[in-house]
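Notes to accompany the following structure.
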Amino acid sequence: MKNLITLLFVGLITFSINAQEKVAKIEFKETTIDYGTIEKGADGIRVFEFTNTGDAPLIVSKVSSSCGCTVPKKPKAPIMPGMTGEIEVKYDTNRVNPIRKTITVLSNATTPTVSLSIKGKVIDPSKTSVLEKSRTKSVMEK
């Protein structure tokens, strides 16, 4: 009876060790996307590409942003080992201001939480600065 219990115990430990070896790993091509300087109303969609470098299916359970002006989309299906996936991010470019936003990705990977960021600046070309307007000739120069 002791031999049977010992055999079951060793088998259970061996099984749990083997089950823990297969894990998903997420590796992003880049963790920051720079929009640069873009005009108001421009295309605000950018894509973060990643690869599952582990040996188990990668499941992205949640993707959220630090602001309502940034809408991320997560992959619907699991990403198999060696395959690539995308997280699409859409920024509302009707907001004229600097862009500094964080996107948080939750998954079953060995690093379960990853922070991504977007940066840049949205300008309104129809509005010129006071300095540009003052570059016309003054009354004294005429």
Side-chain angles (χ1 to χ4, degrees), residues 1-139 141:
M1 185 68 168
K2 286 184 181 180
N3 287 339
L4 180 60
I5 291 174
T6 304
L7 184 62
L8 287 174
F9 182 72
V10 169
L12 182 62
I13 289 180
T14 304
F15 176 74
S16 65
I17 289 172
N18 286 337
Q20 290 176 358
E21 287 179 10
K22 294 195 179 232
V23 293
K25 293 181 183 176
I26 190 168
E27 286 189 25
F28 282 89
K29 201 176 214 180
E30 56 189 343
T31 57
T32 300
I33 291 181
D34 188 351
Y35 279 66
T37 301
I38 59 174
E39 291 185 3
K40 178 180 179 181
D43 179 23
I45 297 175
R46 301 293 186 273
V47 175
F48 287 96
E49 293 181 18
F50 63 89
T51 303
N52 178 2
T53 58
D55 51 11
L58 173 68
I59 300 169
V60 178
S61 55
K62 184 177 180 183
V63 179
S64 59
S65 71
S66 60
C67 172
C69 59
T70 308
V71 181
K73 285 185 185 176
K74 70 178 188 73
K76 294 179 181 175
I79 308 301
M80 302 312 284
M83 301 303 289
T84 60
E86 296 180 343
I87 293 177
E88 182 181 286
V89 177
K90 181 176 182 182
Y91 181 76
D92 180 7
T93 58
N94 287 319
R95 299 175 185 227
V96 177
N97 56 12
I99 305 168
R100 297 273 184 270
K101 305 299 174 195
T102 301
I103 295 92
T104 304
V105 180
L106 301 175
S107 69
N108 67 331
T110 53
T111 307
T113 305
V114 177
S115 292
L116 307 173
S117 60
I118 59 172
K119 65 181 183 175
K121 184 176 183 181
V122 179
I123 60 168
D124 188 348
S126 68
K127 299 189 179 193
T128 56
S129 74
V130 176
L131 294 174
E132 288 177 19
K133 288 181 182 177
S134 68
R135 297 204 189 263
T136 59
K137 290 186 177 183
S138 70
V139 176
E141 291 178 347

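Note: hydrogens, waters and symmetry copies are ignored here, and every other heavy atom, side chains too, is used. Quick caveat, the model's predicted, so the values are computed rather than measured.
Formation of a donor-acceptor pair under 3.5 Å by the S117 side chain with backbone atoms of T32 is not found in this model. Of the possible donor and acceptor atoms, none in the side chain of N52 sits under 3.5 Å from a partner among the backbone N and O of I59. Although no hydrogens or angles enter the test, the distance criterion places a donor-acceptor pair under 3.5 Å between the side chain of D55 and the main chain of V23. With hydrogens and angles disregarded, no donor-acceptor distance shorter than 3.5 Å links the side chain of T51 to the backbone of T53. The backbone N or O of K25 sits nowhere less than 3.5 Å from a side-chain atom of T110 that would complete a donor-acceptor pair.
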Step by step, would you call V60 with V105 a side chain to side chain contact (heavy atoms under 4.5 Å, CB included)?
CA-CA 7 Å; V60 178; V105 180; 4.0 Å; yes

### Task
Could you go through the side chain to side chain contact (heavy atoms under 4.5 Å, CB included) check for T37 and I123 one step at a time?
CA-CA 7 Å; T37 301; I123 60 168; 3.8 Å; yes

Check your understanding: Please walk me through it: do N108 and L58 pass side chain to side chain contact (heavy atoms under 4.5 Å, CB included)?
Key -> CA-CA 6 Å; N108 67 331; L58 173 68; 3.4 Å; yes

| request: Show the numbers, then the answer: is there a side chain to side chain contact (heavy atoms under 4.5 Å, CB included) between T104 and V63? | output: CA-CA 6 Å; T104 304; V63 179; over 6 Å; no

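To the nearest 0.5 Å, atom CD1 of residue I79 and atom OG1 of residue T84 are 7.5 Å apart. One finds the CD1 atom of I103 at 9.0 Å from the CD1 atom of I87 (value rounded to the nearest 0.5 Å). Taking NZ of K121 as the reference point, atom CG of D34 lies at 12.5 Å (rounded to 0.5 Å). Note: K74 NZ to S107 OG = 11.0 Å, rounded to the nearest 0.5 Å. The structure places SG of C69 at 8.5 Å from CD1 of I99, a figure rounded to the nearest 0.5 Å. Between E27 atom CD and T111 atom OG1 the span is 9.5 Å, to the nearest 0.5 Å.
Closest approach of S115 to T31, counting heavy atoms only: O-CB, 4.3 Å. Heavy atoms only, all atoms of each residue included: L116 and E30 are closest at CD2-O, 4.5 Å. When all heavy atoms of A24 and P57 are compared, the pair lying nearest together is CB-O, 3.6 Å. Scanning both residues, K40 and P125, for their nearest heavy atoms gives N-CD, 4.4 Å.
Taking the side chain as every heavy atom from C-beta outward, V89 and V47 never approach each other to under 4.5 Å. The closest side-chain heavy-atom distance from D43 to T93 is not below 4.5 Å.
Applying the ring pair (Phe, Tyr, Trp, His ring centres under 6.0 Å) test to residues at least two apart or on different chains, the pairs with a partner in residues 34-87 are F28-F50. Listed by first then second residue, pairs satisfying salt bridge (charged side-chain N to carboxylate O under 4.0 Å, His left out) with a partner in residues 82-105 read K73-E88, D92-R95, not counting sequence neighbours.
Listed by chain and number, the residues in a ring-ring contact (aromatic ring centres under 6.0 Å, His included) with Y91 amount to none (sequence neighbours excluded).
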